[in-house]
S.K.: 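Dumping the structure here so I can ask a few things about it.
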Amino acid sequence: MWSCCWFRNMMQRSHFPFDSAATTSGWYKRGYSGAIAKKRQLLLRDRAEDCRLLNMETLKSARKDDSGEAGSDLSEQIKAATKENHIRAENTELMLSYQKGQITLPQYKVLLCSLYEIYKALEEELDRNSSHPAVAPIYFPQELSRLESLERDLEYFFGQDWKKRVIVPAATHRYEQRLRKIGKDNPELLVAHAYTRYLGDLSGGQVLGKITQKSLGLSSKEGLSFFSFPGVSSPNRFKQLYRSRMNSVELTEEEKAVVLEEAVAAFELNIQVTRQRSSRFPVRGH
């Protein structure tokens, strides 16, 4: 989420070359090839449908006027509903440290611990509800899953016994509890959290990773797996596809209003996470 705030303009100015729609569909389908569970295979749409959605999204973006008003698409409405939250997120201690290029090791350790707990809950609930009509269209485990990457990063900084050393701050625990609750009672609200987290981290991952590497004096990419999305060959193209899939979710006006409220709540939960202090982690190890 915080990845797409201050870095949004920088990433929008960057050029990400992408292949044709057929090529995009190719890497998308290849991510599910092999011995993948049947339920994941059933989630695939045919190539023509993905291309159609992508083309529709591109045309909508091209036709969108400068009025600043939100359209009827869910992605546009979430963006409008969370505009003020974006601004507040830019001014948390963590994001200000990133803007200055001065992220510290204790800060990064707290971040990794929090992200692990958040994504563990989010991805387990997405897996459990993968066949839900609101979740299935935006279920991309091969392309977006963060859990294994975070486990590698935690092992790098904390050692093989990292699970015994992970600290879960109160704000992170509240976020994790919220994800568990909606996964059980209102799976359609997972759409708001998945969109807020995944697209934010995908948007700013490369920039944040470079700042982290430089700030911590890391000589390699070890400890920075979280910022890499090897299953996504073109971030911009994939974000188009993701928004198209999300906009295709069938929701009543009442359900859509609740999803928008949950998107605002997701931002607030993330803001609270970024305000967590890092004093509990001594500077040692890597």
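No hydrogens, no waters, no symmetry mates; every other heavy atom, side chains included, goes into these values.
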S.K.: Mind checking side-chain hydrogen bond (donor to acceptor under 3.5 Å, both in side chains) for Lys181 and listing every partner two or more places apart, or none if nothing turns up?
M.R.: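 side-chain hydrogen bond (donor to acceptor under 3.5 Å, both in side chains) check on Lys181 returns Asp185.
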S.K.: Under the salt bridge (Lys or Arg N to Asp or Glu O under 4.0 Å) test, which residues partner Glu117, sequence neighbours left out?
M.R.: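 None.
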S.K.: Any chance CD of Gln177 has more than 12 other-residue heavy atoms, nucleotides or ligands included, within less than 6.0 Å?
M.R.: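 It does: Gln177 CD has more than 12 such atoms within range.
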S.K.: Between the side chain of Ser114 and the main-chain N/O of Leu111, is any donor-acceptor distance below 3.5 Å?
M.R.: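 A pair under 3.5 Å: no.
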S.K.: Under 3.5 Å, is there a donor-acceptor pair between the side chain of Ser215 and the main chain of Ile211?
M.R.: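 Yes; at least one donor-acceptor contact below 3.5 Å.
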S.K.: Report the relative orientation of the aromatic rings in Tyr116 and Trp162; use parallel for angles under 30°, tilted for 30 to 60°, perpendicular for over 60°.
M.R.: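 Answer is perpendicular, since the angle exceeds 60°.
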S.K.: Once you round to the nearest 0.5 Å, how far does OH of Tyr139 lie from CG of Leu144?
M.R.: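 Here the rounded value is 11.0 Å.
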S.K.: For Glu123, give me all partners under side chain to side chain contact (heavy atoms under 4.5 Å, CB included), at least two apart in sequence or on another chain.
M.R.: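 Checked Glu123 against side chain to side chain contact (heavy atoms under 4.5 Å, CB included); matches are Tyr119, Ser145, Arg146, Leu147, Tyr198.
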S.K.: Test of understanding: with salt bridge (Lys or Arg N to Asp or Glu O under 4.0 Å), list the residues that count as partners of Lys83, not counting sequence neighbours.
M.R.: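 Listed in chain order: nothing, the list is empty.
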S.K.: Does Glu76 come within less than 4.0 Å of Lys79, counting only side-chain N to carboxylate O?
M.R.: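 Not counted as a salt bridge, because no side-chain N and carboxylate O are separated by less than 4.0 Å.
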S.K.: Taking the side chain as every heavy atom from C-beta outward, state whether Phe140 and Val232 have any atom pair closer than 4.5 Å.
M.R.: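 No, side chains not in contact.
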S.K.: I need the minimum non-hydrogen distance between Val258 and Leu189, along with the two atoms involved.
M.R.: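 Answer, listing the atom of Val258 first, then Leu189: CG1-CD2, 3.6 Å.
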S.K.: Indicate yes or no: at least one non-hydrogen side-chain atom of Val259 is less than 4.5 angstrom from one of Gln77.
M.R.: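 Heavy-atom side-chain distance check fails, nothing below 4.5 Å.
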S.K.: Which residues pass the side chain to side chain contact (heavy atoms under 4.5 Å, CB included) test with Ala134, sequence neighbours left out?
M.R.: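 Per chain and number, Ala134 pairs via side chain to side chain contact (heavy atoms under 4.5 Å, CB included) with His132, Glu188, Val191, Val249.
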S.K.: If you compare all heavy atoms of Ala266 against all heavy atoms of Thr196, which two are closest, and at what distance to 0.1 Å?
M.R.: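 Shortest heavy-atom separation between Ala266 and Thr196 comes out as CB-OG1, 4.1 Å.
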S.K.: So which heavy atom on Pro169 is nearest to which on Ile167, and how close?
M.R.: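 Taking every non-hydrogen atom into account, CD-O, 3.2 Å.
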S.K.: Does any part of the side chain of His193, heavy atoms only, come nearer than 4.5 Å to the side chain of Leu269, both counted from C-beta?
M.R.: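 Yes - at least one pair of side-chain heavy atoms lies under 4.5 Å apart.
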S.K.: Among residues at least two apart in sequence or on other chains, which ones pass ring-ring contact (aromatic ring centres under 6.0 Å, His included) with Tyr195?
M.R.: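 Partners of Tyr195 by the ring-ring contact (aromatic ring centres under 6.0 Å, His included) criterion come out as none, since no residue qualifies.
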S.K.: List the residues meeting side-chain hydrogen bond (donor to acceptor under 3.5 Å, both in side chains) with Ser97, not counting sequence neighbours, and say none if there are none.
M.R.: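 Ser97 satisfies side-chain hydrogen bond (donor to acceptor under 3.5 Å, both in side chains) with Gln107 only.
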S.K.: Would you please name every residue forming a side chain to side chain contact (heavy atoms under 4.5 Å, CB included) with Leu216, sequence neighbours left out?
M.R.: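 Here the qualifying residues are Leu105, Tyr108, Phe157, Thr212, Leu218.
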S.K.: Return the minimal non-hydrogen interatomic distance between Lys239 and Ser203, and the atom names on each side.
M.R.: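 Between these two residues, the closest heavy atoms are NZ-OG, 3.1 Å.
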S.K.: If you measure from OG on Ser75 to CZ on Arg245, what distance do you get to the nearest 0.5 Å?
M.R.: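 Nearest 0.5 Å value for the OG-CZ distance: 14.5 Å.
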S.K.: Calculate, to the nearest 0.5 Å, the distance between atoms CG and CE belonging to Asn91 and Met95 respectively.
M.R.: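 Going from the CG atom of Asn91 to the CE atom of Met95 covers 9.5 Å.
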S.K.: Any side-chain heavy-atom pair from Leu115 and Arg197 closer than 4.5 angstrom?
M.R.: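 Yes, their side chains come closer than 4.5 Å.
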S.K.: Do Arg275 and Glu93 have side chains that approach each other closer than 4.5 Å (heavy atoms only, starting at C-beta)?
M.R.: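 Side-chain contact under 4.5 Å: no.
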S.K.: Rounded to the nearest 0.5 Å, what separation is found between the CG atom of Asn247 and the CG atom of Asp73?
M.R.: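 Atom-to-atom, Asn247:CG and Asp73:CG are 4.0 Å apart.
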S.K.: Would you call Ile182 and Arg178 a side-chain contact if the rule is heavy atoms closer than 4.5 Å?
M.R.: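 Answer yes - side chains close enough.
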S.K.: Calculate, to the nearest 0.5 Å, the distance between atoms CD1 and CG belonging to Ile118 and Asn270 respectively.
M.R.: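 That separation rounds to 5.5 Å.
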S.K.: Taking the side chain as C-beta and beyond, is there a heavy-atom pair between Pro133 and Glu250 under 4.5 Å?
M.R.: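 Pro133 vs Glu250: side chains apart.
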S.K.: Would you mind writing out the side-chain donor-acceptor pairs for residues 221-230 within the sub-3.5 Å range, not counting sequence neighbours?
M.R.:
unit_1: Lys221; atom_1: NZ; unit_2: Gln213; atom_2: OE1; d: 3.3
unit_1: Ser225; atom_1: OG; unit_2: Asp153; atom_2: OD1; d: 3.3

S.K.: Nearest heavy-atom pair of Ile138 and Ala194: which atoms, and what distance?
M.R.: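 Looking at all heavy atoms of both residues, the closest pair is CD1-CB, 4.2 Å.
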S.K.: Shortest non-hydrogen contact from Gly183 to Pro187?
M.R.: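 So the minimum-distance heavy-atom pair works out to O-CG, 3.7 Å.
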S.K.: Which residues satisfy the side chain to side chain contact (heavy atoms under 4.5 Å, CB included) test with Glu255, sequence neighbours excluded?
M.R.: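 Expected list: Leu251, Thr252.
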S.K.: Would you kindly say whether Ser149 and Arg152 are connected by a side-chain donor-acceptor distance under 3.5 Å?
M.R.: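 Short answer, yes.
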S.K.: Got a salt bridge between Glu176 and Arg180, using NZ or NE/NH1/NH2 to carboxylate O under 4.0 Å?
M.R.: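 Counted as a salt bridge, because a side-chain N and a carboxylate O are separated by less than 4.0 Å.
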S.K.: Only counting residues at least two apart or in another chain, list the ones meeting salt bridge (Lys or Arg N to Asp or Glu O under 4.0 Å) with Arg88.
M.R.: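 Per chain and number, Arg88 pairs via salt bridge (Lys or Arg N to Asp or Glu O under 4.0 Å) with Glu268.
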S.K.: Holding to salt bridge (Lys or Arg N to Asp or Glu O under 4.0 Å), I want the full list of residues that pass it with Lys163, two or more places apart in sequence or in another chain.
M.R.: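 Lys163 satisfies salt bridge (Lys or Arg N to Asp or Glu O under 4.0 Å) with no residue once adjacent residues are dropped.
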S.K.: If we only count heavy atoms from C-beta on, is the Leu74 to Ile78 side-chain gap below 4.5 Å?
M.R.: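 Heavy-atom side-chain distance check passes, below 4.5 Å.
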